Amino acid sequence: MKPQDFLQPDQIKTDTQSLQTYGSDWTKHYTPDPSVILFPKSTEDVANIVKWARETNTSLVPSGGRTGLSAAAFATNKEAVISFERMNTILNFNTIDSTVTCEPGVITEALQNYAKEKDLIFPVDFAATGSSQIGGNVSTNAGGIKVIKYGLTRDWITSLEVVTGTGEVLTLNNSLVKNASGYDLKHLFIGSEGTLGFITKVTVKLCPPPKQTQVLFLSLEKLENILKVYSLFTQKHSVLAFEYISKLAAQKVVSATKYNLPVEDEASHYLLIELEDTADNIEATFATAFENEWLTDGVISQNSQQTQEIWAIRENISETLSTEYPYKNDVSVKVSKVTEFLEQTDQLLKTDYPNTEVVWFGHIGDGNMHINILKPSDMDSEAFLKQCHKVDEKLFTIIKELGGSISAEHGVGLVKKDYLKYTRSEAEIEIMKQIKKVFDPDGIMNPGKMF
Ligand SMILES: Cc1cc2nc3c(=O)[nH]c(=O)nc-3n(C[C@H](O)[C@H](O)[C@H](O)COP(=O)(O)OP(=O)(O)OC[C@H]3O[C@@H](n4cnc5c(N)ncnc54)[C@H](O)[C@@H]3O)c2cc1C
């Protein structure tokens, strides 16, 4: 049995350009080297691919929108890459259940737009939704900018169809709201980074949009005031987003794009907050933060264009930094530990990277910080990576002491697999490996990722 036996010629690619493109994701630290790219059009195609892979002992790498930041969709070792871009149909909308069923290759933004047509929202949102796929979002349990209000991708999945590493097709949960009939296997597949099987159908629920929202851009000089502002706003309002932007992150975006800072003067720290409440209520809280001298400046957006321009500062950070070979860390601690984490880490980075730019930003309202170390132009990539890995050990020791996670939302993939032990115990990792064996006894599903 070979792919030509069950796929059409246009579903198989081996040209150099395709191997390079589909063999990699957004991370830049590996060299793609797959043997073939396959484009299934149905669950049956996927099941046949698994059957062929088992017979020929071929490793399979699922590939979505390739926006992943942990190299989990990278094929570096002659694997067959399975791209879901041709399984991209929205299949149906259930008006009573408010659920949408779609194929895994549906682009996240297309699902968001589809929800809007129904006067509803799919609230998982982040800067890569124009390219990422719903199957990739499920496999990474994507978070993003609205987690503080709406949770992670996991919270919106009502049902999955999967093809396991044995080729079995399973429907998990069938969109039941209540289902107390044993282990909920869909949760194992959410965030599994393609290591257990393929996601071939996804059902998500939708919800009504927020009624009245306001966006604030605030300047702060003192780090310790961030949590005071967080407490004040989260106790008084329904907070949709609470994002942190460092001075350097804002400077990078302002110099690389057409967008300007919405406040007059630069500050050490900025917060972007989106709230659901009336303008009067929000202005009262804003005034309280000023009276307490937690803020040095701030604006409340006055119209939708200003809102879009404020969000653009935050949403253009990753794109702007991508030109500077960033080494990314995406870590989390409990929100109450954020200041402690920032202080300790800032000290560590200043000592260990004295001549290197370190750019901070992130979803601070859910304890998630992105730390981007930029490669000095006179350092070669290998030496730079070596230095980053050395510092990682120290950074993750701080994370471990604070009870945090080495990966908040980008996943483990190839990038973080050596550091899993800083967040998961030996016993946990062993159980995870045993679970993988149940679904993928031949070890053909995305081998070498996660552990
Ligand atoms: C500018 C930018 C901003 C980002 N911001 C955020 C953010 O705020 N929050 C966040 O969580 N992430 C963020 N990301 C990371 C990334 O967009 C997410 O991880 C996203 O969910 C990946 O989806 P994808 O379709 O691109 O998956 P890919 O990168 O293609 O794959 C990711 C993983 O999913 C697996 N996979 C893909 N499809 C399937 C399938 N059908 N079945 C089984 N496994 C599959 C792959 O093997 C891989 O392990 C950002 C990325 C960029 C570039």
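Both ligands and their constituent atoms are indexed starting at 1 by order of listing. Please read all numbers here as calculations on a predicted model, not as lab measurements.
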Examine [X] against ligand 1 and note whether any of their N/O atoms are separated by less than 3.5 Å.
{"X": "D25", "result": "no"}
{"X": "N141", "result": "no"}
{"X": "E193", "result": "yes"}
{"X": "F84", "result": "no"}
{"X": "T67", "result": "yes"}
{"X": "H363", "result": "yes"}
{"X": "T140", "result": "yes"}

Take the angle between the ring planes of [X] and [Y] and call it parallel below 30°, perpendicular above 60°, tilted in between.
{"X": "Y327", "Y": "F384", "answer": "perpendicular"}
{"X": "Y422", "Y": "F396", "answer": "tilted"}
{"X": "F84", "Y": "F198", "answer": "tilted"}
{"X": "Y325", "Y": "H29", "answer": "perpendicular"}

Specify the protein heavy atom at minimum distance from [atom]: its residue, its atom name, and the distance to 0.1 Å.
{"atom": "atom 24 (P) of ligand 1", "result": "G65 N, 3.4 Å"}
{"atom": "atom 31 (O) of ligand 1", "result": "A73 CB, 3.7 Å"}
{"atom": "atom 39 (C) of ligand 1", "result": "S139 OG, 3.7 Å"}
{"atom": "atom 50 (C) of ligand 1", "result": "L69 CD1, 3.6 Å"}
{"atom": "atom 28 (P) of ligand 1", "result": "R66 N, 3.6 Å"}
{"atom": "atom 6 (C) of ligand 1", "result": "F126 CD1, 3.5 Å"}
{"atom": "atom 29 (O) of ligand 1", "result": "G68 N, 2.8 Å"}
{"atom": "atom 52 (C) of ligand 1", "result": "A128 CB, 3.5 Å"}

Donor-acceptor contact below 3.5 Å, side chain [X] vs main chain [Y]:
{"X": "S18", "Y": "T14", "result": "no"}
{"X": "S70", "Y": "V415", "result": "no"}
{"X": "S246", "Y": "A249", "result": "yes"}
{"X": "T129", "Y": "F126", "result": "yes"}

Check [X] against ligand 1 and report side chain, backbone, both or neither, counting heavy atoms closer than 4.0 Å.
{"X": "N446", "result": "side chain"}
{"X": "E319", "result": "neither"}
{"X": "S318", "result": "side chain"}
{"X": "P62", "result": "both"}
{"X": "K449", "result": "neither"}

Atoms of ligand 1, numbered as shown, that sit under 4.0 Å from any heavy atom of [X]:
{"X": "F198", "result": "42 (N), 43 (C)"}
{"X": "A142", "result": "11 (O), 21 (O)"}
{"X": "A72", "result": "47 (O), 48 (C), 49 (O)"}
{"X": "Q133", "result": "24 (P), 25 (O)"}
{"X": "P104", "result": "41 (N)"}

_Identity of the nearest option to atom 42 (N) of ligand 1, non-hydrogen atoms only, from I199, N137, V46_ =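 Residue with the shortest heavy-atom distance to the ligand atom: I199.
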
_Can you check which of G143, G197, G144 brings a heavy atom nearest to atom 11 (O) of ligand 1?_
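Ranked by closest heavy atom to atom 11 (O) of ligand 1, first place is G143.
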
*asked:* Are more than 12 heavy atoms, taken from residues, nucleotides or ligands other than K334, located less than 6.0 Å from that residue's NZ atom?
replied: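 Open.
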
_Flag if over 12 foreign heavy atoms under 6.0 Å of CD, E428_ =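 Above 12, so yes.
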
*Is K118 positioned over the aromatic face of Y114, cation under 6.0 angstrom from the ring centre and no more than 45 degrees off axis?*
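Output yes; distance and angle both within limits.
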
*Is R314 close enough and on-axis enough to F361, meaning under 6.0 Å and within 45°, for cation-pi?*
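Verdict for F361: no cation-pi partner in R314.
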
Verify whether one side chain among [X] and [Y] offers a donor that lies under 3.5 Å from an acceptor in the other.
{"X": "H237", "Y": "E276", "result": "no"}
{"X": "K51", "Y": "N48", "result": "no"}
{"X": "S407", "Y": "S405", "result": "no"}

*Can you tell me how far the OG atom of S42 sits from the CG atom of L7, to the nearest 0.5 Å?*
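Between atom OG of S42 and atom CG of L7 there are 8.5 Å.
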
*Is the shortest distance from a heavy atom of V61 to ligand 1 less than 4.0 Å?*
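Contact absent.
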
